[in-house]
Amino acid sequence: MKGLVFAVLVALLCLLPSMAKDTPPKVQVYTREPGELGKTNTFICHVSGFHPPQISIKLLKNGQEMSGAKQTDLTFEENWHYHLTKFVRFTPKEGEAFACNVTHMENSRLYYWESDM
């Protein structure tokens, strides 16, 4: 009996991901502290609510990928939608543009950081 219950649970778990629909990501671009020119801060791109899990996140400064960025582990919610955060330390200067480039399901989009300075 335990074997049958286990087999049914495994079959249901295998079906769940296929039941989740393709869902584009929700993207938030922000900094840890209020933005201030010349002051070191953390640039953050949080991507959530997407499925399937294949996704690419790049943090950009003036169109070029920023080095030293770190990324959290991919995690999922009960509905099989995923979330991921990428971040990097940076010191914004006047005239610089910072953005998060998110590519999901071959769709790529730029999300710009709007400083509160």
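Numbering of residues begins at 1 and proceeds along the displayed sequence.
Across every non-hydrogen atom of Trp80 and His51, the tightest pair is O-CD2, 3.0 Å. The shortest heavy-atom contact between Asp22 and Met105 is OD2-CE, 3.4 Å. Residue Ala69 comes nearest to Leu59 through the heavy atom pair CB-CD1, 4.1 Å, listed as atom of the first residue, atom of the second, then distance. Residue Gly35 comes nearest to Trp113 through the heavy atom pair CA-CZ2, 4.1 Å, listed as atom of the first residue, atom of the second, then distance. The two atoms that bring Leu74 and Pro53 nearest to each other are CD2-CB, 3.6 Å, heavy atoms only.
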From CA spacing to verdict: side-chain contact (heavy atoms from CB on, under 4.5 Å), Leu37, Thr91
CA-CA 7 Å; Leu37 291 176; Thr91 305; over 6 Å; no
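Atoms NZ and CG, on Lys93 and Asn62 in that order, are 10.5 Å from each other to the nearest 0.5 Å. Remark: Arg32 CZ to Thr40 OG1 distance equals 12.5 Å, nearest 0.5 Å. In this structure, Ile57 CD1 and Glu65 CD are separated by 11.5 Å, a value rounded to the nearest 0.5 Å. Atom CG of residue Asn107 and atom CD1 of residue Ile55 lie 10.5 Å apart, to the nearest 0.5 angstrom. For the atom pair Glu114 CD and Thr31 OG1, the distance stands at 12.0 Å (nearest 0.5 Å). Once rounded to the nearest 0.5 Å, the distance linking NE2 of His81 with CZ of Phe76 reads 12.5 Å.
With sequence neighbours excluded, the residues forming a salt bridge (charged side-chain N to carboxylate O under 4.0 Å, His left out) with Lys61 are Glu96, listed by chain and number. Legend: residues meeting side chain to side chain donor-acceptor pair (under 3.5 Å) with Ser67, ordered by chain and number and at least two apart, are absent. Residues passing the side chain to side chain donor-acceptor pair (under 3.5 Å) test with Ser56: none are found, sequence neighbours excluded. For Ser108, the side chain to side chain donor-acceptor pair (under 3.5 Å) partners two or more places apart in sequence, or in a different chain, are Asn101, Thr103.
Alongside Ile44, the hydrophobic cluster contains Tyr30, Phe87 (criterion: ILVMFWY side chains under 4.5 Å).
Residues His104 and Pro52 meet the side-chain proximity criterion, which asks for heavy atoms closer than 4.5 Å. The closest side-chain heavy-atom distance from Met66 to Val88 is below 4.5 Å.
The disulfide bond (SG atoms under 2.5 Å apart) analysis of residues 25-62, with sequence neighbours excluded, yields the pairs Cys45-Cys100.
Taking the six-membered ring where the residue is Trp, Phe90 and Phe43 present tilted rings, their angle falling between 30° and 60°.
Side chain of Thr72 to backbone of Leu84: no donor-acceptor contact under 3.5 angstrom is found. The backbone N or O of Lys86 sits nowhere less than 3.5 Å from a side-chain atom of His46 that would complete a donor-acceptor pair.
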